[in-house]
Amino acid sequence: MTFQQITLDLLEGLGQNLQLFLLTLVFALPLGLIITFGSMSKFAPLKYLTKTFVWIIRGSPLMLQLFVVFYVPGLVFGIPMKSRMLAATIAFVINYACYFSEIYRGGIESIPNGQYEAGQVLGLTKTQTFFRVVLMQVVKRIIAPMGNEFLTLVKDTSLARVIAVSEIIMAAERFTARGLIWPLFYTAVYFLAFCGILTLLFGWIEKKFSYYR
Amino acid sequence: MAILEVKNLHKNFGKTQVLKGIDFELEKGQVMSIIGSSGSGKTTLLRCVAQLETADSGSIKVDGSTIFDSNSSQKLTADEKMKNQLKTGLVFQSFNLFPQYNVLENVTLAMKLQAKRRADYKENKKEILAEIDLKAKALIAKMGLSDKLGNYPCELSGGQQQRVSIVRAMALEPSILFFDEPTSALDPELTGEVLKVIRELAEENMTMVIVTHEMDFAREVSDNIIFMDNGVIAESGSADDLINNPQTDRLKAFLSKIGK
Ligand SMILES: Nc1ncnc2c1ncn2[C@@H]1O[C@H](COP(=O)(O)OP(=O)(O)OP(=O)(O)O)[C@@H](O)[C@H]1O
Ligand SMILES: [Mg+2]
């Protein structure tokens, strides 16, 4: 069991984390916006239904949600989840979309009313005002909290091992079972590198948006 | 014929009556100032005419079109609403420029989006957009802001920002331009440059309605002044008359309170 072998094994595990990370972002970022529109809707039933859903998702452990998505289809509907990664992706997308939706909502509500009114008196439609005036300002305002969520997501992906997705910590635990403990701590290096890259990326994005206030 | 006709306009917010029957007319090319103490309903009146608020009763006519009429049950189409919206321009006290766009983009955004409705837009897109840029640049130059075309609002002084917002409103060629205390968010030394611009517009016979606390300016620039008090027009008349010979006690009290 060489150092190199262990490094490669862990890297393979990290591949699973990375896959889950990217899939979650691809689906949760747009889904979050849809949930935002739901929770900001003027149609009260939709609004409260959405808010209740967000409460349930944010109010219960992600680990539990992973179990639910993985086991409930088999137990209740007799259609067992075939892919562990699929189950993990579904749970993560729903969970993170709810968190994103609240960040979006905060961003949208922080835009002063005057921006909407300026759009209106200049003859912009509501859609034009949202996409041409408000959205870019929202993006700027949510960069920092989104950066936080992205880092949390990186580390959360390891939770997928509770439904036996063979991500990096699970890969390390296989060595632990054979009496080798240090690979478990070694995984920290991977997380730190992953998060370091994201931090740099967010720093760069923030700078890109710093030309206006 | 009057370009603006407001008849018996009422507006309540919940139980508070803010406008209690406002009547006035404005002729094309004239400038009218609205004065009055805080809370008298000046902003609310402008916002009703600029369609940011819907009045409760009465009617508003701008340039031949009925913008609001509580007696008519006719529903306006989205297209008619848009046309009505573009008949009035509004300059806000707090500018409300779009921070992510530079000066030129702030002025051209709405113009370019409007141009998309033109029948020949697809064919002549390039020419149309270039024409808009040219027109915007000319207007910006008139305001003395040519060297700021590429600057963002956060890089401008308050006075410069307000001048940009005036160009932005004018660029759409509204029939009437409304100003809600255009200088009250500015440091005293910056009000001059904005008032100068408004004065120049008045000389070009732009029809304007200005809510202001600058009495000297109001007297000099306006043809007529109306004095609002507690949701009604307490007094109105030609600019000089109204300020030099106030008839009502309320106007006398108001003028002496602000030191006139
Ligand atoms: N959206 C609103 N909801 C409830 N009340 C409002 C609203 N807007 C204005 N009012 C009330 O209407 C009254 C008139 O307000 P308005 O802003 O029109 O006064 P104003 O003459 O413009 O005053 P100022 O000189 O301070 O700008 C005030 O009593 C205000 O509290
Ligand atoms: Mg006001």
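Labels below follow one simple rule: chain letters A, B, ... track the order of the sequence lines, proteins then strands, and each chain is numbered from 1. The structure displayed is predicted, hence computed values, not measured ones.
The contact between B/Arg168 and chain A is made by backbone and side chain atoms together, counting heavy-atom distances below 4.5 Å. In this structure, chain A has no heavy atom under 4.5 Å from any part of B/Lys87. At a 4.5 Å heavy-atom cutoff, the contact between B/Leu86 and chain A is made by side-chain atoms alone. The part of B/Thr88 that comes within reach of chain A is its backbone (N, CA, C, O), which places non-hydrogen atoms under 4.5 angstrom from that chain. Looking at B/Phe95, neither its backbone nor its side chain comes within 4.5 Å of chain A, counting heavy atoms on both sides. For B/Leu97, the part sitting under 4.5 Å from any heavy atom of chain A is the backbone (N, CA, C, O) and nothing else. For a residue to count as touching a neighbouring chain, one of its non-hydrogen atoms must lie under 4.5 Å from one of that chain's; by this rule B/Phe92 touches chain A with the side chain only.
Nearest heavy atoms, B/Asn96 versus A/Ala118: O-CB, 3.6 Å. Of all heavy-atom pairs spanning A/Leu124 and B/Met82, the tightest one is C-CE, 4.5 Å.
One finds the CZ atom of B/Arg47 at 4.0 Å from the CD atom of A/Glu117 (value rounded to the nearest 0.5 Å). Interatomic distance, CZ of B/Phe98 versus CE of A/Met136, reported as 14.5 Å (0.5 Å rounding). In this structure, the separation between CD on A/Gln128 and NZ on B/Lys116 is 7.0 Å, given to the nearest 0.5 Å. In this structure, CG in A/Leu122 is found 10.0 Å from CG in B/Leu113, a value given to the nearest 0.5 Å.
Looking at A/Lys140 and B/Pro99, their side chains never come closer than 4.5 Å, going by heavy atoms from C-beta outward.
Annotation: B/Lys61, atom NZ; neighbour count of heavy atoms from other residues, nucleotides and ligands within 6.0 Å does not exceed 12. Residue-environment remark: CD (A/Gln4) stays at or below the threshold of 12 foreign heavy atoms within 6.0 Å. Heavy atoms from other residues, nucleotides or ligands lying under 6.0 Å from CZ of A/Arg132 number 12 at most. Around CD of B/Glu80, the count of heavy atoms belonging to other residues, nucleotides or ligands within 6.0 Å exceeds 12. Within 6.0 Å of NZ on B/Lys135 lie more than 12 heavy atoms contributed by other residues, nucleotides or ligands. Within a 6.0 Å radius of OH in A/Tyr186, other residues, nucleotides and ligands contribute more than 12 heavy atoms. Counted within 6.0 Å of CD on B/Gln74, heavy atoms from surrounding residues, nucleotides or ligands total 12 or fewer; the atom is thus considered open. Surrounding CH2 of A/Trp182 are more than 12 heavy atoms belonging to other residues, nucleotides or ligands, all under 6.0 Å away.
Your options are B/Asn102, B/Leu109, B/Leu52, B/Asn84, and the one with the most heavy-atom pairs under 4.5 Å with chain A is B/Leu52.
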Could you go through the side chain to side chain contact (heavy atoms under 4.5 Å, CB included) check for A/Tyr211 and B/Gln100 one step at a time?
-> CA-CA 8 Å; A/Tyr211 68 90; B/Gln100 74 271 39; 4.1 Å; yes
